[in-house]
Amino acid sequence: ILGLLNYDIGYDGPLAFMQRITMADENDATTHTLAKYLAEEMLIGQRFVGVTSSKIAATAYYLSHRLLDKGPWTCKHAFYSGYFESELTPLAADLLQLLPLPRKHTAVYDKYACKRYSYASETVQELLEVSSLAKDLAFSS
């Protein structure tokens with residue numbers, strides 16, 4: 001029946017949107033890999049239920065960009081993501097609260113703690129220890 005009606009029930013996940021955002025940094029693999037990890041953490045976080053895939057991708061990429069200290073969120077980032085920094089900081093602050101260890105669910109962390117994903121989950125933990133980003137985002141959101 002759906003075929004006759006030409007109805008498409010596909011789902012564009014965050015990765016489809018993230019590929020576009022990555023163009024703002026000329027396909028920076030490190031930022032992209034950390035952002036993929038952060039997006040998957042958001043997908044299992046109860047706080048993020050109902051957040052659109054595009055906003056999950058943008059928030060994950062934004063936080064990855066900030067954790068890696070790659071500079072400000074530019075007009076180019078806003079163009080490719082569809083979101084200004086002010087729209088992303090509240091969700092990024094919420095995500096930062098979800099990330100510290102220990103945690104109840106470890107499947108995503110364990111997945112990204114291997115060489116295939118450049119040890120992204122471990123890298124994020126290390127960056128969180130030395131970053132004042134959590135405080136910065138808490139005050140700006």
Look at the side-chain heavy atoms of Ile, Leu, Val, Met, Phe, Trp and Tyr, link any pair under 4.5 Å apart, and say whether Leu128 and Tyr119 land in one connected group.
no
Could you see if Leu43 belongs to whatever hydrophobic cluster contains Ile21? Use Ile, Leu, Val, Met, Phe, Trp, Tyr and a side-chain cutoff under 4.5 Å.
yes
Spatial distance of atom OG (Ser131) from atom CG (Leu96) [nearest 0.5 Å]
7.5 Å
Rounded to the nearest 0.5 Å, how far does SG of Cys75 lie from CH2 of Trp73?
11.5 Å
dist Ile44:CD1 -> Leu98:CG (nearest 0.5 Å) comes out at 7.0 Å
Is there side-chain contact between Ser53 and Asp12, with at least one heavy-atom pair below 4.5 Å?
no
Within-4.5 Å side-chain heavy-atom neighbours: Glu41 and Phe48:
no
So, Tyr62 versus Thr89: side-chain donor-acceptor pair below 3.5 Å or not?
no
Below 4.5 Å, heavy atoms only, C-beta onward: do Tyr112 and Ser118 meet side chain to side chain?
no
Scan residues 105-124 for pairs that pass salt bridge (charged side-chain N to carboxylate O under 4.0 Å, His left out), counting only residues two or more places apart or in two chains.
Glu40-Lys111
Side chains of Leu99 and Leu38: does their closest heavy-atom pair fall under 4.5 Å?
yes
OG of Ser54 to CE of Met18: how many Å apart, nearest 0.5 Å?
11.0 Å
Scanning both residues in full, the closest heavy-atom pair of Ala35 with Ala60 reads O-CB, 3.3 Å
Are Met42 and Leu67 connected in a single hydrophobic cluster, I mean Ile/Leu/Val/Met/Phe/Trp/Tyr linked by side-chain heavy atoms less than 4.5 Å apart?
yes
For residues 79-95, pull every pair meeting salt bridge (charged side-chain N to carboxylate O under 4.0 Å, His left out), keeping only residues two or more places apart or in separate chains.
Arg47-Asp94, Arg66-Glu85
Considering only heavy atoms from C-beta outward, does the side chain of Thr59 approach that of Lys55 to under 4.5 Å?
yes
Heavy-atom closest pair (Ala58 atom, Ser81 atom, distance to 0.1 Å) is CB-CB, 4.0 Å
Indicate yes or no: at least one non-hydrogen side-chain atom of Phe79 is less than 4.5 angstrom from one of Arg20.
yes
Calculate, to the nearest 0.5 Å, the distance between atoms CZ and OH belonging to Phe17 and Tyr83 respectively.
7.5 Å
Could you pull out every donor-acceptor pair under 3.5 Å between side chains of residues 24-34 and any protein atom, sequence neighbours left out?
| residue | atom | partner | partner atom | Å |
| --- | --- | --- | --- | --- |
| Asp25 | OD1 | His77 | NE2 | 2.9 |
| Asp25 | OD2 | Tyr61 | OH | 2.7 |
| Asp25 | OD2 | His65 | ND1 | 3.3 |
| Asp25 | OD2 | His77 | NE2 | 3.2 |
| Asp28 | OD1 | Thr30 | N | 3.3 |
| Asp28 | OD2 | Thr31 | OG1 | 2.4 |
| Asp28 | OD2 | Lys70 | NZ | 2.9 |
| His32 | ND1 | Thr22 | OG1 | 2.9 |
| Thr33 | OG1 | Ala29 | O | 2.9 |

